[in-house]
Amino acid sequence: MAEEYTVRIDESLCKGCFLCVWVCPADALQESDRRNERGYRLPEYVGGCRGCRQCELICPDLAIEVKEGGEE
Amino acid sequence: MAEEYTVRIDESLCKGCFLCVWVCPADALQESDRRNERGYRLPEYVGGCRGCRQCELICPDLAIEVKEGGEE
Amino acid sequence: MKREVRISGFGGQGIVLAGVVLGRAAAVYEEYNAVQTQSYGPEARGGASRSDVIISDEEIMYPYVREPDYLVAMSQEAYDKYAPEVKEDGLIVYDSTLVEPHRDDDVEHVGVPATKLAEEELGRRIVANMVILGALRELTDLVSEEALKRAVEDAVPPGTEEINVKAVELGARGVRE
Amino acid sequence: MKREVRISGFGGQGIVLAGVVLGRAAAVYEEYNAVQTQSYGPEARGGASRSDVIISDEEIMYPYVREPDYLVAMSQEAYDKYAPEVKEDGLIVYDSTLVEPHRDDDVEHVGVPATKLAEEELGRRIVANMVILGALRELTDLVSEEALKRAVEDAVPPGTEEINVKAVELGARGVRE
Amino acid sequence: MDWRELIRWERMPHILCPGCGNGTILNVLVRALAEKFEEGELDPDKTVLVSGIGCSSRLPGYVKLDSLHTTHGRPIAFATGLKLANPELEVIVVTGNGDAAAIGGNHLIHAARRNLDITVICSNNYVYGMTGGQASPTTPQGAKSTTTPYGNPEPPFDLCELVMGAGAPHVERWTTAHPHQLKQAIHRALEREGFSFIDVLSQCPTNYGRRNDMRSPREMLEWLRENTSTEDEPGKIRIGVLRDEERKPFHERVYELVEEVSGDEEGG
Amino acid sequence: MDWRELIRWERMPHILCPGCGNGTILNVLVRALAEKFEEGELDPDKTVLVSGIGCSSRLPGYVKLDSLHTTHGRPIAFATGLKLANPELEVIVVTGNGDAAAIGGNHLIHAARRNLDITVICSNNYVYGMTGGQASPTTPQGAKSTTTPYGNPEPPFDLCELVMGAGAPHVERWTTAHPHQLKQAIHRALEREGFSFIDVLSQCPTNYGRRNDMRSPREMLEWLRENTSTEDEPGKIRIGVLRDEERKPFHERVYELVEEVSGDEEGG
Amino acid sequence: MSEKVEFLQGNEACAEGAIAAGCRFFAGYPITPSTEIAERMSERLPEVGGVYVQMEDEIASLAAVIGASWAGVKAMTATAGPGFSLMQEHMGFAAMTETPCVIVNVQRGGPSTGQPTKASQSDVMQARWGSHGDYEIVALSPSTVQEMYDLTIECFNWSERLRVPAVLLADEVVGHMRERVVLREDVEVVDRELPEEGEEIEEPFPLEPDDHVPPMPVFGRGHRVHVTGLTHDERGYPATDDPEVHRKLVRRLCNKVRKRAREIHESVGYDFIERESDLALVAYGGCARTVLEAAEELGATVFRPKVIHPFDADLVRKLLDGYEVLVVEMNLGQYVEMVERALDAECVHLLGHPGGYPPTPERVIKEAERIQG
Amino acid sequence: MSEKVEFLQGNEACAEGAIAAGCRFFAGYPITPSTEIAERMSERLPEVGGVYVQMEDEIASLAAVIGASWAGVKAMTATAGPGFSLMQEHMGFAAMTETPCVIVNVQRGGPSTGQPTKASQSDVMQARWGSHGDYEIVALSPSTVQEMYDLTIECFNWSERLRVPAVLLADEVVGHMRERVVLREDVEVVDRELPEEGEEIEEPFPLEPDDHVPPMPVFGRGHRVHVTGLTHDERGYPATDDPEVHRKLVRRLCNKVRKRAREIHESVGYDFIERESDLALVAYGGCARTVLEAAEELGATVFRPKVIHPFDADLVRKLLDGYEVLVVEMNLGQYVEMVERALDAECVHLLGHPGGYPPTPERVIKEAERIQG
Ligand SMILES: Cc1ncc(C[n+]2csc(CCOP(=O)(O)OP(=O)(O)O)c2C)c(N)n1
Ligand SMILES: Cc1ncc(C[n+]2csc(CCOP(=O)(O)OP(=O)(O)O)c2C)c(N)n1
Ligand code: SF4
Ligand code: SF4
Ligand code: SF4
Ligand code: SF4
Ligand code: SF4
Ligand code: SF4
Ligand SMILES: [Mg+2]
Ligand SMILES: [Mg+2]
């Protein structure tokens with residue numbers, strides 16, 4: 001089934017605080033072991049987004065975008 | 001009948017505001033036409049003090065003393 | 001011509017205003033220079049009030065009165081304090097309602113019952129300052145009567161111009177007679 | 001003898017502490033003079049951390065490092081930034097767990113897997129700074145081992161003296177072997 | 001102790017205008033203090049008056065105690081240092097509505113928050129008296145002053161609400177028309193440990209009354225008597241004890257900490 | 001308008017630490033603003049951000065509007081001049097608990113009293129973040145900071161109580177764990193005429209969390225979520241709309257007066 | 001127009017000057033002996049459509065003035081010593097953000113609360129050095145009520161031209177005395193240069209040339225600028241770690257004033273009355289009235305600057321080199337320190353006269369004779 | 001006693017110096033780059049029975065310090081430029097009421113918020129002129145961590161001796177660097193002279209002799225004194241209308257410092273390294289470290305004062321007359337203005353180096369060569 005939402009993380013902005021992981025009611029975001037070039041560990045989208053947009057709104061680094069519709 | 005209280009006004013301190021006259025519940029203090037050397041009109045004690053000491057306490061210039069007993 | 005005038009009395013008599021009116025008359029309605037100063041601060045509390053005016057046909061630099069040519073005294077305290085400083089060939093105009101003069105050299109003294117006149121003739125004790133100012137002008141010709149009246153009209157509270165001008169006239173008459 | 005040492009990495013690695021310990025060892029437990037400085041302010045945010053130490057047997061006046069003799073790099077960013085400034089006959093000690101060296105002239109490089117050693121041998125990633133400091137000392141003889149250990153004992157949080165001293169020893173062994 | 005012993009007579013008469021409410025406050029204050037000294041509850045050698053700048057802030061200069069006449073708005077900050085450095089001192093701040101609530105508002109609310117053990121007596125005469133009658137943060141909306149010739153456009157503080165909002169545990173409001181109650185209030189304030197605030201509605205006949213249709217000190221007191229009530233009455237200003245709670249004063253908390261840390265050698 | 005147009009991207013990433021609550025506030029603020037601009041309710045060319053000094057006060061520097069980054073504690077005083085001199089401007093003050101309530105407490109309460117028509121968003125992270133985590137007037141009693149190594153001996157302000165005591169008509173409290181509600185609150189604040197205050201309980205993981213047994217930003221948000229409630233619950237901090245009244249804003253009263261006095265030629 | 005001749009207090013004339021200069025915002029906090037300025041502004045501003053606001057303190061007053069200036073309105077505050085001390089942080093902020101604004105200091109006796117109702121000139125150095133950091137301001141000192149009017153206008157004009165805070169460094173002598181004053185209507189009024197409305201500005205705060213005054217992108221006109229008291233780059237963005245940016249910025253902030261010292265002196269004017277004498281008297285403000293009188297009697301040369309800051313050492317050298325110089329001030333020596341730098345310090349003498357009043361001409365003459373004889 | 005040798009930050013050493021000097025009260029408000037002083041005091045004071053309090057701002061901080069001093073306790077605050085600007089009103093109050101207290105200013109780049117984390121020496125003139133009115137203070141400038149310790153003690157001692165506010169005019173260079181410091185235990189500690197407890201004091205504030213320092217009738221000891229920031233007579237009572245009282249009071253407040261300029265310089269010490277050269281370098285504080293190094297290379301004479309205020313013009317003349325003098329400062333020229341007054345201004349040159357770091361020795365050498373050649 002196609003995802004209803006796309007969650008994009010701008011990895012150059014992310015600082016690995018994982019507030020998005022904390023806030024997501026669908027456990028759609030998880031910690032990963034990947035780091036960005038500044039050395040911060042990145043979250044990853046694991047699917048299942050319900051479109052509540054809480055991650056988008058809580059991200060202190062404006063790094064998340066939730067779009068309706070699956071990945072283009 | 002001898003007065004029960006003596007009301008003394010230190011005329012050198014008095015500035016003629018007449019708050020004592022205002023506060024006296026016995027109308028025992030009245031405006032007079034006398035002035036002290038600084039030119040302030042003075043109140044005068046006309047008798048009938050009931051010893052409530054409100055004049056003493058309200059006088060902004062610490063000029064009034066109410067004593068028990070008549071004038072010595 | 002340079003004259004130093006001191007007007008003095010207690011708070012509420014309009015001492016400062018009298019000085020301002022005189023200075024204004026000289027500076028705005030005559031061709032004189034004039035500087036008015038007054039006492040400020042704690043010394044100005046508790047009654048005493050003083051307003052100094054220097055009038056001159058030259059530039060006035062140092063602005064303070066050192067030895068008054070003319071003293072107007074509207075309270076005993078003021079008289080006692082300032083009379084001794086008046087120049088020997090000066091003039092003291094005092095409110096004879098309130099002041100008992102006693103300087104015993106030959107400085108000229110003129111008593112004007114300003115407060116009494118104001119109260120009795122105009123029903124307004126408060127304009128005694130203008131009465132005595134009128135008298136001072138009449139005696140000294142420091143400024144023209146016209147100039148003084150125009151200055152009074154400018155400076156007094158709106159609505160009281162007339163009574164104040166009358167007071168000036170009253171004072172002038174008082175010493176003319 | 002005068003040596004300029006730069007210790008660098010990111011926040012949370014104890015970079016500043018490493019510099020303080022080194023300076024302390026030199027200044028308190030040896031007869032050297034030592035000055036430690038570090039980066040403050042916005043540039044110190046967002047991860048980067050730097051601690052500079054100058055050690056000399058003469059008085060140190062100008063207190064800042066201009067061209068390091070020795071660089072300790074505990075992050076790639078720090079290595080990239082500071083490696084080019086190291087003197088040609090200098091030495092770079094890097095945490096090989098985190099840094100990929102690439103300066104291609106003949107400056108001496110020594111890799112120490114400090115973070116890995118700290119984690120695996122001591123179970124405390126946080127003491128990687130002491131591991132690498134131990135290695136640096138071993139390689140350069142800047143201060144005596146004794147002095148360094150005493151400085152460590154003074155400077156680390158109470159209760160962690162032992163593990164930190166062990167870390168220093170671990171680092172020394174790492175490069176001795 | 002006779003209150004007369006507390007007056008610096010060589011400085012009397014004081015500089016206050018005829019009928020100034022600050023005079024009544026001085027009167028009440030020295031009597032309350034004399035009574036407390038008499039009762040042995042306070043030691044005059046350990047009682048300190050602190051004030052800022054304003055007519056009200058001149059009062060300590062007439063009282064024969066150690067007194068610090070500071071800068072405009074800051075007496076409470078100075079008092080903080082006095083009290084914390086020597087907690088044996090009983091510290092009383094005498095201030096005005098301008099001193100305490102305009103420039104000094106921040107120190108007021110922070111001392112209230114900390115529950116600093118001082119007594120603050122604020123002479124609230126609606127204007128800046130000392131500088132000649134400008135509007136202040138307690139001047140009623142619409143009132144005339146030398147800087148509100150067209151009527152004051154600003155709403156005033158309720159100072160008691162303000163300090164209660166900041167956390168003050170003991171708050172009272174009285175007026176100079178209630179000198180007896182005011183004296184009792186000062187007694188209470190001196191007894192309370194912690195921050196006590198007394199808002200004293202007062203009169204400045206020279207610079208407020210005249211501009212606002214009250215021609216004499218008496219008219220102003222009449223107004224104060226008529227427009228205040230110890231009950232919640234509509235249209236009247238509430239006076240009385242507005243809050244009276246107990247909380248540990250700041251210096252005790254500080255010195256407990258000092259004792260804990262310094263151990264017996266130093267703090268015990 | 002897309003919120004992205006409101007970010008000065010050339011300055012991103014911003015200087016805030018990972019997981020800093022100020023970041024969430026920035027996020028919510030630009031979205032709320034973009035929505036208001038989109039709705040046509042506000043004009044971005046007439047919307048001004050003002051801040052003091054602190055991590056929180058850095059936020060305006062990332063937003064593409066006119067912005068004035070002032071001195072520590074004084075943004076509200078600057079905002080007073082901006083708003084009164086040009087009442088067409090929508091003025092938003094972004095401040096911190098130190099900026100607004102320590103050094104800036106006086107301006108805060110006076111603007112509340114005047115009912116100055118501004119929106120004050122206060123990032124209340126319990127410490128002075130920018131200077132490295134010293135105690136502040138909102139630090140809980142007993143908490144550790146770099147200047148309270150033995151635990152904080154001072155009781156904190158309840159900032160909402162404080163501004164309400166000063167007269168503020170519109171007061172809300174939310175947390176960074178409630179970003180959606182916070183955005184709604186900003187919407188309301190921008191709609192209200194008069195002084196709006198939003199106390200945003202926020203996290204400083206770098207300088208507060210670590211010293212007080214909260215090792216990650218997530219733990220701190222968890223704490224905020226657990227310890228707050230929109231109802232009056234014992235032991236919990238009350239969040240929500242705490243006061244919402246209508247009073248004429250200060251600039252209207254000032255300009256009515258100006259118009260009255262200047263007559264038609266000038267003010268009409 | 002006879003109705004424009006008035007007999008006013010210096011403080012009142014100052015308020016009128018402000019209004020003539022286009023001031024439409026006043027924020028202040030009362031303090032003797034400056035209060036009449038606030039009082040008159042509270043009455044006059046609403047008449048001309050302007051805003052008077054009384055702030056909670058002097059810190060807030062200058063803040064509000066700076067805020068108003070960024071809203072595009074000419075703004076002023078007035079104070080005396082204690083308030084001036086409190087304004088120092090914001091003097092620096094105004095200098096750093098290049099905000100035109102006028103601060104009137106009617107000097108009274110200090111230190112501290114000192115002599116609230118008495119005259120002094122003891123804040124002269126504070127006007128230049130009172131805030132932290134490297135900055136410059138303009139300060140003018142009036143000697144007559146007419147100059148209280150004229151130099152207030154000059155303060156606004158130079159403030160707007162250079163985007164610096166300008167201080168009217170008055171004193172209680174001129175603040176409180178009344179004299180004739182002509183409220184000229186034909187005054188030259190300078191307004192800050194503005195960028196075109198809506199224009200996006202690449203470099204609102206250029207670092208060069210080192211004496212440049214950029215146009216002021218006031219708020220609400222679509223420029224979307226960021227203005228900060230931090231060291232900032234050309235964009236206006238914080239750049240606190242770059243020594244070059246800081247160096248260039250503070251150099252420009254200072255040089256835009258310093259390099260125009262002569263221009264300001266010439267344009268504002270000064271009195272230089274040259275007489276056949278070895279002695280030159282130097283004084284300014286209320287105290288200069290005494291000195292002008294004394295100099296006439298002494299037959300001595302007089303220099304009366306109206307511009308106190310920026311000091312123009314070359315001008316002073318040009319005018320006064322070779323004289324025995326007596327500086328007369330109502331303080332224990334402030335302007336004299338600048339004169340000593342310009343001339344051979346051994347030829348510079350001071351009659352420092354604190355106490356609340358200018359010295360009398362006689363006192364000055366006596367001192368002059370002492371020096372010469 | 002090897003345990004007294006430490007490796008500390010300058011700011012930490014300053015706190016230790018304060019405690020060694022007997023400081024038992026600290027009130028402050030955090031500000032970079034001085035905060036470590038407050039932080040260490042908050043830890044150390046309770047250990048020695050003293051009180052640390054964090055105030056709501058810098059104004060309150062210095063107020064609380066002055067209050068504590070009148071309670072009889074040695075007290076200190078620490079700040080940087082913006083906070084120092086806010087303290088100026090209370091600097092004057094402390095001077096006027098003759099309150100011993102120590103204010104540490106760890107200078108950073110200004111004006112305004114400027115460069116919060118970078119070094120500067122641009123508050124040097126502010127330390128003397130920042131408050132309104134006629135007053136004097138003592139200001140010392142440390143160049144090493146050891147001097148952060150030693151000169152803090154000297155500040156307390158001179159403050160207690162003269163009953164003046166004393167400023168430790170440090171800078172971020174010395175505040176933040178770490179060096180070896182010997183925490184001497186045998187320091188000379190001066191305590192203010194106290195009148196006998198309970199004694200009634202006729203004249204707590206005598207007006208004469210003009211450099212007199214009266215004993216301090218601290219509170220709570222039965223003296224029942226009135227202390228005011230108004231001009232006061234010998235009794236301590238307001239006397240704001242009397243020119244003579246004001247004149248004598250401010251003269252004494254200034255002269256008690258000015259007349260001891262040499263004594264303070266000799267007692268605190270200075271570096272004067274005389275070399276065979278026409279060139280003398282002058283520098284102080286963190287910047288002097290560069291200059292000492294450069295001078296050695298140049299073979300030039302160096303003068304490094306530790307006492308910045310009161311300036312001793314005679315001493316400077318004595319030491320530096322005849323040299324080409326290069327003053328090196330981390331600002332656009334402050335101390336140099338005082339040197340210019342002392343010497344022939346033409347021989348005095350400035351290397352003004354704002355930007356956040358002292359110039360390198362190479363930069364100084366280059367400048368020296370430019371002047372000489
Ligand atoms: C910093 C500073 N600003 C202003 C003043 C001027 N000033 C002196 S007293 C005063 C107001 C006093 O008002 P309040 O505290 O209400 O006392 P009151 O005179 O009414 O009793 C002001 C504004 C000052 N002395 N210092
Ligand atoms: C006058 C002045 N005093 C002190 C400082 C130092 N200072 C900068 S930010 C700050 C505290 C900021 O705290 P807060 O407002 O809570 O903001 P946060 O960093 O926590 O977001 C302090 C004390 C300053 N810049 N100016
Ligand atoms: S909330 Fe934002 S910054 Fe934090 S981990 Fe998620 S994407 Fe990264
Ligand atoms: S939008 Fe909501 S559900 Fe989707 S990833 Fe974000 S937080 Fe999870
Ligand atoms: S209250 Fe006192 S001052 Fe007033 S009239 Fe009566 S006695 Fe005189
Ligand atoms: S004591 Fe009471 S009754 Fe007696 S005179 Fe005074 S006010 Fe009147
Ligand atoms: S001015 Fe007002 S407050 Fe001041 S003494 Fe006079 S009446 Fe009292
Ligand atoms: S120090 Fe604290 S408040 Fe400042 S950016 Fe970091 S987390 Fe945020
Ligand atoms: Mg008042
Ligand atoms: Mg904070």
Side-chain angles (χ1 to χ4, degrees), chain E residues 15 51-55 57-58 60-61 68-75 77-78 96-109 126-139 141 143-157 159 162 204 207-208 211, chain G residues 9 11-12 15 26-64 76-88 106 108-117 172 175-176:
Chain E
I15 62 158
S51 64
I53 299 293
C55 297
S57 292
R58 286 294 189 109
L68 192 61
H69 182 222
T70 68
T71 53
H72 187 42
R74 321 296 176 186
F78 285 90
N97 51 309
D99 198 57
I103 189 167
N106 209 28
H107 313 302
L108 176 68
I109 59 178
Y126 301 113
V127 279
Y128 302 143
M130 179 62 101
T131 45
Q134 298 75 31
S136 87
T138 62
T139 307
Q141 219 172 314
K144 293 278 165 66
S145 76
T146 62
T147 51
T148 55
Y150 311 110
N152 180 26
E154 304 201 14
F157 274 138
L159 293 185
L162 179 67
C204 171
N207 284 318
Y208 186 73
R211 289 190 183 87
Chain G
Q9 258 197 345
N11 283 343
E12 295 169 328
F26 183 99
Y29 189 77
I31 186 166
T32 309
S34 78
T35 307
E36 295 84 1
I37 300 172
E39 290 174 343
R40 195 167 182 104
M41 290 304 265
S42 74
E43 193 177 331
R44 294 282 285 124
L45 273 174
E47 292 176 3
V48 297
V51 169
Y52 170 91
V53 63
Q54 201 164 295
M55 295 300 288
E56 51 273 18
D57 64 18
E58 289 87 349
I59 297 173
S61 297
L62 187 48
M76 173 169 104
T77 188
T79 190
F84 199 54
S85 287
L86 289 172
M87 287 180 185
Q88 290 309 323
V106 185
R108 65 189 222 183
S112 199
T113 320
Q115 294 185 296
T117 60
E172 194 269 348
H176 271 166

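Note that the structure is predicted; figures quoted are calculated from it, not measured. A note on names: the letters A, B, ... follow the listed sequences, proteins ahead of strands, and every chain is numbered from 1.
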Quick one: are [X] and [Y] in side-chain contact, heavy atoms under 4.5 Å?
{"X": "E:Thr71", "Y": "G:Pro82", "answer": "no"}
{"X": "G:Thr113", "Y": "E:His69", "answer": "no"}
{"X": "E:Ile103", "Y": "G:Leu86", "answer": "yes"}

Partners of G:Ser85 by side chain to side chain donor-acceptor pair (under 3.5 Å), sequence neighbours excluded?
G:Gln126, H:His132
Checking E:Ser145 against chain G: side chain, backbone, both or neither under 4.5 Å from a heavy atom?
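Neither part, no heavy atoms under 4.5 Å.
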E:Thr147 vs G:Met41, test: side-chain contact (heavy atoms from CB on, under 4.5 Å). Steps then yes/no.
CA-CA 8 Å; E:Thr147 51; G:Met41 290 304 265; over 6 Å; no
G:Glu43 side, atom CD; E:Thr148 side, atom OG1 - distance, nearest 0.5 Å
11.5 Å
How many angstroms lie between atom CD of G:Gln54 and atom CG of E:Asn152, to the nearest 0.5 angstrom?
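Output value for this atom pair is 8.5 Å.
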List in chain and number order the residues that pass ring-ring contact (aromatic ring centres under 6.0 Å, His included) with G:Tyr29, two or more places apart in sequence or in another chain; answer none if no residue qualifies.
E:His72, E:Tyr128
Checking G:Phe26 now: which residues fulfil ring-ring contact (aromatic ring centres under 6.0 Å, His included) with it, not counting sequence neighbours?
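G:Phe26 satisfies ring-ring contact (aromatic ring centres under 6.0 Å, His included) with G:Tyr52 once adjacent residues are dropped.
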Looking at G:Ser42 and E:Tyr150, what are the two nearest heavy atoms and their distance?
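Of all heavy-atom pairs spanning G:Ser42 and E:Tyr150, the closest is O-CE1, 3.6 Å.
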With a 4.5 Å heavy-atom cut-off (strictly below), which parts of residues 56-64 of chain G touch chain E? List them by number.
G:Glu56, G:Asp57, G:Glu58
